[in-house]
Amino acid sequence: MLKIDNLHAEIDGKKILDGLTLEVNAGEVHAIMGPNGAGKSTLAYVLGGRPGYEVTAGSVEFIGPKGQKLNLLSLEPHERAAAGLFLGFQYPVEIPGVSNVQFLREALNAQRKARGEEPLSGGEFLKLAKDKAGLLKLDMDMLKRNVNVGFSGGEKKRAEMVQMGILDPAFAVLDETDSGLDIDALRVVGEGIEAIMRAPGKGVLLITHYQRLLDYVKPDKVHILARGRIVTTGGPELAQRLEAEGYEEVAA
Ligand code: ADP
Ligand code: MG
C-alpha cells in the first residue's frame, strides 16, 4: 500500500536520500534500521511532507483506505493525514496552552471533515480517548494536560500512541518510537502498536535503532538503510544479526 520508488531527497542542497526503494503491502509491518545519519528521519519527514525537504527524483504511491491510488508527494501534509497517513516523531513537540484532549479532538474532527464524516461530540470523543488511553496505560489526567509539556520521554511516546489510536490511521510511519522508553513502557508501546495497527488493511513502517522493540512488534520484513538507500532486506533474523554484529558488518 506504500510504494517508494528510487526516492532522492535533499536538505539545503545536501543529498540525503539517494535512490531509496521500498514497498510495504497492506497487512504488513516493516522495520527500518540503520546507523546514525543514514537518512531514516529524513525519510519519515519526506513522507509526511515537512517543508525544507526537497524531493529531486522518485515517487511514492500510497493506496488509501478506500483503495484510492494517491501520488503522496503531490499532497499537502494535511491531505496526507486525511488520506490515512500517520507520522510518529522521534522528538515530539510541546504545545503550551493546548490540552491533549483539545488537540486530539480538533485533529480527529478535521480529518473526519476532510473525509466527509460527521464530527464526534465531546462525549463520544472522551469515550474513545479513554479507551485508547487505557490501551496505552496512560492516565486520563495526562490527556487533560497541555500537549507534551512536562511529560517524560516515555509519557510523550505513550501519548503519541494514544493519538495514533484515536486517529486510527491506515498507515503509520513511526520514527524511533522506542527512544527514551524503559522496559515496561517499551512493552506497553510495542503491544499498543500491534493492537492499533495490526490489521489486514493497514501498514506500518517502524524506524528503530534497537532490536528490543521488535520483541513486541513483529516485523514481516527488516530493511537496513545506509547512505540514503536500502542496502539489505531480510526477515526478523536480520535485526538479531545486526544487534550481534553491528552495522559495519551487516550494512557494508
Ligand atoms: P537518521 O535519522 O538516520 O539518524 P537523519 O535523516 O536525521 O538520519 O539525517 C541524515 C543526514 O541529514 C545527516 O547527515 C544529517 O546531518 C543531515 N540533516 C538532517 N537534517 C538536516 C538539516 N535540517 N539540515 C542539514 N542537514 C541535515
Ligand atoms: Mg533519526
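Values below: every heavy atom of this structure, side chains too, minus hydrogens, waters and symmetry copies.
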Quick one: does [X]'s side chain get under 4.5 Å of [Y]'s, heavy atoms only?
| X | Y | value |
| --- | --- | --- |
| Met142 | Asn100 | no |
| Arg229 | Thr21 | no |
| Leu126 | Met140 | yes |
| Leu87 | Asp175 | no |
| Lys69 | Ile63 | yes |

Ignoring hydrogens, what is the shortest heavy-atom contact between [X] and [Y]? Give both atom names and the distance.
| X | Y | answer |
| --- | --- | --- |
| Leu174 | Met164 | CD2-SD, 4.0 Å |
| Ala44 | Ile207 | CB-CD1, 4.1 Å |
| Leu214 | Ala31 | CD2-CB, 4.0 Å |
| Thr177 | Lys157 | O-CD, 3.5 Å |
| Asn146 | Ile95 | CB-O, 3.8 Å |
| Val101 | Phe125 | O-CE2, 3.6 Å |

message = Both conditions, 6.0 Å and 45 degrees, for the charged tip of Arg50 above the ring of Tyr53: are they met here?
response =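 No - Arg50 does not lie over the ring of Tyr53 by the 6.0 Å and 45° rule.
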Q.
Using 30° and 60° as the class boundaries, would you call the ring planes of Phe171 and Phe62 parallel, tilted or perpendicular?
A.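 Perpendicular: the ring planes of Phe171 and Phe62 meet at over 60°.
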* **In one Ile/Leu/Val/Met/Phe/Trp/Tyr side-chain cluster, 4.5 Å: Met1, Leu75** =>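 Linked, Met1 and Leu75 end up in one cluster.
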Connected via hydrophobic side-chain network under 4.5 Å: Ile230 and Val46: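 Shared cluster, yes.
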For Gln68, look at atom CD and say whether over 12 heavy atoms of other residues, nucleotides or ligands are found less than 6.0 Å away.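 Buried by this count: over 12 neighbours within 6.0 Å.
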Problem set entry | Sidechain N-carboxylate O distance under 4.0 Å for Lys218, Glu194 |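 Between Glu194 and Lys218 there is no salt bridge, as every charged N stays at least 4.0 Å from the carboxylate O atoms.
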- Would you sort out whether Leu242 and Leu238 count as a side chain to side chain contact (heavy atoms under 4.5 Å, CB included), showing the intermediate values? CA-CA 6 Å; Leu242 210 54; Leu238 184 58; 5.7 Å; no
### Task
Measure the spacing between CD of Glu191 and CG of Leu136 and express it to the nearest 0.5 Å.
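Here the rounded value is 10.5 Å.
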Apply salt bridge (charged side-chain N to carboxylate O under 4.0 Å, His left out) to residues Asp139 and Arg158 and explain how you reach the verdict.
CA-CA 10 Å; Asp139 202 286; Arg158 274 187 286 158; over 6 Å; no
